[in-house]
Amino acid sequence: MFTRHTDGLRLLSVHAHPDDESSKGAATLARYAAEGVDVLVATCTGGERGSVLNPAMDRPEVRADLARVRREEMAAAREILGVRQRFLGFVDSGMPGPDEPLPEGCFAAEPVELAAAPLVALIREFRPQVVITYDETGGYPHPDHVMTHRVTVAAVEAAAGPELHPELGEPWQVSKLYYHLALSRAWFQALHEGMTERGVPSEMGELLAGWPDTPPALATTTRIACAEQFAVRDAAMLAHATQVQPGVAFMAHPRDIEREVWPTEDYHLARSLVPEAGAAAGVARAGGIETDLFAGLRAGAEAGAG
Ligand SMILES: [Zn+2]
């Protein structure tokens, strides 16, 4: 099903909803895809319970057929990023209020082991050396994002063992599992300061003032230089027209300032089977920080089979 690129490097990024791949780590995906890495996005749900966040798209016919509209948006974003994409077929859980139960049959209400099965099959079919997903908080408290983390961790584990789901394909051991560190306080702070210093009005001050003064839970282990792909990232985001309002929120800050003050997307290496990354030959590191998701994996990419 999947044609193999010559160097055999494969990257799988698992997301909760269509649009998440474009708002978290999209420039990284575009960079690796442009390099010839085989990049696949797995989208757990169809985003059926999402809101229409762009007034220009908030029309009755769009709201009435949101699942189809979002599939079309996803197809456009995938083309722009130059990646492949699969829906895993779960139903969006929506964002229930504090005392509201999860809707019946939604993704976050599924047992983790059961919900992991389609991803186990996909991992065994695609055989990625590197997988990216959210940390255990989900990055933000949407039940589908937390569930995406749980399901990805469970699927990476189950995919490697011959005893689990033998009907879902030959076992495959993922070598590295990363968590996104996108949209961190430090990122907002750097952009806010960069804009303020240049006399550009910043709307991020209010957000930062209300941000709890806690240190980041996860260390940055990896920074991927991808400023050249910010324009591709932005085009992919705008392709999710129901979810993004041009010129507002994330789309508001000047891109030249972003390229200058924060030209990377950042990750936490949560699990690795690569022996002592810093000592391995050919490993890309700068000041103890990895600069390549495939660090330690570029020689003999197929060696991780089994
Ligand atoms: Zn989402």
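Numbering of ligands and ligand atoms starts at 1, following listing order. Not measured: the values here are computed from a predicted model. We count residues from 1, following the sequence as given.
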TODO: Kindly indicate whether the side chain of Cys106, heavy atoms from C-beta on, has any atom under 4.5 Å from the side chain of Arg49.
DONE: yes

TODO: Answer yes or no: does atom CD of Glu228 have more than 12 heavy-atom neighbours from other residues, nucleotides or ligands under 6.0 Å?
DONE: no

- [ ] Kindly say whether the aromatic ring centers of His268 and Tyr178 come within a distance under 6.0 Å.
- [x] no

TODO: May I ask you to decide whether Arg298 forms a salt bridge with Asp292, counting only side-chain N to carboxylate O separations under 4.0 Å?
DONE: yes

TODO: Work out how many protein N, O or S atoms lie closer to the Zn ion (ligand 1) than 2.8 Å.
DONE: 4

Open item on the list: Under a 3.5 Å cutoff, is there a donor and acceptor pairing between the side chains of His253 and Glu258?
Closed with: yes

Task: Modelled atom types, side-chain donor and acceptor of Arg185 and Gln189, under 3.5 Å - done: yes

